[in-house]
Structures are given as structure tokens and as C-alpha cells.
Amino acid sequence: MPKSRIRKKADYTPPPAKQTTAIKLNSRAWVAPVMLAMFLIGLAWIVVFYVTDGSLPIDTLGNWNIVVGFGFIAAGFGVSTQWK
């Protein structure tokens, strides 16, 4: 029986290196501190309103102080949408 030819395997060639492209990242370092500040201001506003029986933070707003506090909290959620 004739001897079969041995096929020589091709040497390993690594795939071509990918070129690095500069990724432009926007700095969003301000988002987390502003978001937390808004949450804490809103919470503090509501707590102060309840603890002082409505005489603080702004007496003339009355129960609308609760809306102002929740407004700060909602603004904090709005800012959180910018977080990446």
C-alpha cells in the first residue's frame, strides 16, 4: 500500500491587532453628588416641616412645603437619568 502524504499544517498566525480608537467619554462626575444632595435636601425639608409642626422651613407655604420637598426628590430622580 502506498504511503500517504503528510500534510503540513500552516503555522499559527495571530489575528491582526485591533486598532485602538479614542473613546470620548463625557465626564459625569457631578451627577452622583447633585443627585444625593437633592434627595437629602428634599428629605430634610419634609422632616423639618413635620418636626416643627409646619412653622418651618417656610411658614407661608403651609402644607405646600411637602410638595417642595417632594419636588427636590423628583429633581434628584431627574438628575439621576444623566448617570452613566
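Note that these values count all heavy atoms, side chains included, but never hydrogens, waters or copies made by symmetry. Bear in mind that the values here come from a model prediction, so they are computed numbers and not experimental data. Numbers here are sequence positions counted from 1.
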S.K.: If two hydrophobic side chains count as joined below 4.5 Å and joins carry through other members, does Leu40 share a cluster with Val67?
M.R.: no
S.K.: Are Phe70 and Phe49 linked, directly or through other ILVMFWY residues, by side chains that come within less than 4.5 angstrom of each other?
M.R.: yes
S.K.: Establish whether Ile58 and Ile73 are linked, either directly or via other cluster members, by ILVMFWY side-chain heavy-atom contacts under 4.5 Å.
M.R.: yes
S.K.: Is the backbone of Val68 close enough, under 3.5 Å, to the side chain of Trp45 for a donor and an acceptor to pair up by distance?
M.R.: no
S.K.: Kindly indicate whether the side chain of Pro57, heavy atoms from C-beta on, has any atom under 4.5 Å from the side chain of Asn65.
M.R.: yes
S.K.: Determine whether the aromatic ring centres of Phe72 and Phe39 lie less than 6.0 Å apart.
M.R.: no
S.K.: What are the two closest non-hydrogen atoms of Gly76 and Met35, and how far apart are they?
M.R.: O-CG, 3.5 Å
S.K.: As a quick check of understanding, evaluate side-chain contact (heavy atoms from CB on, under 4.5 Å) for Ile66 and Tyr50, giving each step before the final call.
M.R.: CA-CA 9 Å; Ile66 299 170; Tyr50 277 116; 3.4 Å; yes
S.K.: Measure across Pro33 and Trp30 and return the closest heavy-atom pair with its distance rounded to 0.1 Å.
M.R.: CD-O, 3.4 Å
S.K.: Is the side chain of Thr52 donor-acceptor paired with the backbone N or O of Leu56 at a distance under 3.5 Å, no angle test?
M.R.: yes
S.K.: Membership question, hydrophobic clusters at under 4.5 Å side-chain separation (ILVMFWY): are Trp64 and Ile41 in the same one?
M.R.: yes
